[in-house]
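Here is the structure we will look at, set down as structure tokens.
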Protein chains: 2
Amino acid sequence: MVQKNSIISNPNVSVDCVVFGFDGADLKVLLVERYGRDNLDFQDDTLVLPGDLINNHEDLNEAASRVLYDLTGLTKIFLQQIGAFGSPKRLSKPKDIAWLDAVRMNPEARVITIGYYALINIKNYKVRPSSFAKHVVWRAYDEVGELGFDHNDILDRAIHNLRDQLYREPIGFELLPSHFSLHQLYSLYNEIMGGGIDRRNFRRRMLKTGFLKETEEYQEGVPHKPARLYTFIPEEFENASKNNFKFY
Amino acid sequence: MVQKNSIISNPNVSVDCVVFGFDGADLKVLLVERYGRDNLDFQDDTLVLPGDLINNHEDLNEAASRVLYDLTGLTKIFLQQIGAFGSPKRLSKPKDIAWLDAVRMNPEARVITIGYYALINIKNYKVRPSSFAKHVVWRAYDEVGELGFDHNDILDRAIHNLRDQLYREPIGFELLPSHFSLHQLYSLYNEIMGGGIDRRNFRRRMLKTGFLKETEEYQEGVPHKPARLYTFIPEEFENASKNNFKFY
DNA sequence: AAACTTAGTGTAAAAATTACACTTTGAAAA
DNA sequence: TTTTCAAAGTGTAATTTTTACACTAAGTTT
């Protein structure tokens with residue numbers, strides 16, 4: 001168990017965030033263009049998840065929150081840890097090695113990253129004129145290609161955890177405005193879960209949970225019958241439906 | 001996102017394992033007495049989860065496997081990551097600080113740990129005459145008291161993940177001998193899930209899954225009708241019951 | 001006024017879940 | 001050898017949950 005005389009060099013530890021948003025039709029992921037730390041001129045066209053090294057005295061969740069704050073200006077973002085990624089072979093793609101070289105990092109250097117996923121209401125997100133706004137891009141989940149480092153692995157775990165959690169906890173609201181139509185909610189579930197949800201059954205089931213409250217507001221500016229807007233009551237979830245919540 | 005000129009000192013990274021076993025009645029956890037790295041004489045009576053710092057070039061899972069191998073002599077143990085624990089305040093209990101002092105570690109030093117949980121067949125476990133066998137103890141889950149460091153937090157996450165996974169994947173078999181009675185399996189589920197499972201319904205449901213195969217063996221040495229033994233067929237789970245598996 | 005588009009609604013059949021008690025079998029005791 | 005003991009093994013009916021499915025209502029545009 002103890003490993004007596006081997007020399008252990010401490011790895012760098014970073015956080016990387018999979019930020020999900022929903023535009024009404026597609027599940028989107030926030031990506032950034034890779035840049036060089038202390039060498040900001042260097043840049044390849046590789047997309048990566050937003051992330052950063054953790055600071056001393058910083059909680060892991062705090063580090064993830066900080067990354068999100070820098071990126072969006074938002075605090076109190078829904079955030080969930082999905083695990084640690086630490087294979088020494090994380091950085092093996094030629095482009096990754098070129099990047100390491102450009103930023104003068106030792107390719108042998110070990111980086112462990114803690115993955116998070118976050119849900120944000122895409123409308124609340126404002127490009128930050130400071131920071132890295134100009135390099136930030138929303139990309140449809142289906143169209144995310146190859147990312148740098150091992151970020152596709154992190155994304156895989158993130159979508160898996162998202163589906164898992166969406167199935168069992170009322171977290172979908174994090175992706176929507178505070179007042180939303182049942183159609184918006186339906187589209188969100190149907191999209192994330194991969195389709196096949198019955199519209200009528202979904203509606204009944206959602207309303208039966210008791211944690212949606214109807215408002216007196218209606219959709220505006222649509223060329224057809226406007227839908228009633230609802231709002232989510234977290235307390236009702238906590239109390240009433242003691243974990244019987246389930247969706248498809 | 002980038003944090004320009006702050007000095008970042010790399011934390012130590014360790015793995016800690018919650019090793020579960022089942023003795024037929026209780027869910028057990030494997031604990032070790034804390035000792036001092038490079039100072040093996042120092043020891044307090046505090047129990048902790050088995051763990052170690054990761055080596056260079058070692059995958060996180062490899063590190064966890066190594067810890068388990070050192071402890072049990074077993075390879076190919078069921079192992080599941082449960083996440084990273086990295087609050088800078090992890091080491092705040094007086095005893096923990098005394099320990100850090102005794103082993104000459106800087107109390108400011110940052111340690112991030114990756115938690116795992118493992119399932120082993122308690123009968124296969126042999127105390128290793130080398131290593132730390134004399135300090136190893138199986139403790140009933142209900143009777144684990146206060147552990148050192150933040151290991152109670154890790155244990156909480158582990159039991160939560162175990163229940164979650166047991167509910168959805170056929171992992172209970174990892175805790176049993178390869179041939180087992182339905183009663184053993186029932187006790188295991190009932191114990192881990194916190195009781196209340198109907199014996200007859202459980203039996204029917206389990207057999208209906210199709211991934212239990214009956215053998216021609218029977219329980220021996222019991223003072224009553226001996227139960228038939230079954231065995232688990234992983235392939236049947238993979239193919240047939242495409243994720244429809246669910247228990248209580 | 002007609003056409004278009006999405007909102008909004010109910011029911012019946014099938015499947016899954018739950019609750020529940022007696023008979024069988026082998027070993028041990030009388 | 002008979003009785004007793006302890007756990008093994010078995011089935012059904014009621015309830016609940018899930019699924020499949022199509023038409024009317026309402027507001028906007030043409």
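Reckoned from all heavy atoms, side chains included, excluding hydrogens, waters and symmetry mates.
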Checklist entry - Listed by chain and number, what are the side chain to side chain contact (heavy atoms under 4.5 Å, CB included) partners of A:Glu214, not counting sequence neighbours? => result A:Arg228, A:Tyr230
Checklist entry - In whole Å, what is the span from the CZ atom of A:Arg205 to the P atom of C:dT9? => result 19 Å
Next on the checklist: Could you tell me how far apart A:Arg228 (CZ) and D:dA25 (P) are, to the nearest whole angstrom?
Outcome noted: 18 Å
Checklist outcome for this item: Whole-Å distance, B:Tyr186 OH to D:dT10 P, equals 17 Å
Taking distance alone, no hydrogens or angles, what donor-acceptor pairs closer than 3.5 Å link side-chain atoms of residues 154-161 of chain B to residues at least two apart or in another chain?
residue  : atom : partner : partner atom : Å
B:Arg157 : NE   : B:Ile82 : O            : 3.4
B:Arg157 : NH2  : B:Ile82 : O            : 3.2

Next on the checklist: Which residues pass the ring-ring contact (aromatic ring centres under 6.0 Å, His included) test with B:Phe232, not counting sequence neighbours?
Outcome noted: B:Phe173, B:Phe211
Checklist entry - Which whole-number value in Å describes the distance from A:Glu217 CD to C:dA7 P? => result 17 Å
Next on the checklist: Taking side chain to side chain contact (heavy atoms under 4.5 Å, CB included) as the definition, give me every residue that meets it alongside A:Glu220, ordered by chain and number, with sequence neighbours left out.
Outcome noted: none
Checklist entry - To the nearest angstrom, how far is A:Tyr218 atom OH from C:dA7 atom P? => result 13 Å
Checklist outcome for this item: Hits for side chain to side chain contact (heavy atoms under 4.5 Å, CB included) against B:Gln184, two or more places apart or cross-chain, chain-then-number order -> B:Leu176, B:Pro177, B:Phe180, B:Ser181
Item to check | Length of the CD-C1' vector between B:Gln219 and D:dA8, whole Å | outcome: 9 Å
Checklist entry - In whole angstrom, what separates B:Lys208's NZ from D:dG11's P? => result 16 Å
Item to check | Charged N-O contact under 4.0 Å between A:Asp59 and A:Arg66 | outcome: no
Checklist outcome for this item: Per-nucleotide protein contact along nucleotides 20-30 of chain C, 5' to 3', at a 4.0 Å heavy-atom cut-off (B base, S sugar-phosphate only, - neither), is BB--BBBSS--
Next on the checklist: What is the separation between atom CZ on A:Phe202 and atom C1' on D:dA20, rounded to the nearest whole Å?
Outcome noted: 18 Å
Next on the checklist: Tell me whether the side-chain N/O atoms of A:His183 come closer than 4.0 Å to OP1 or OP2 in C:dT6.
Outcome noted: no
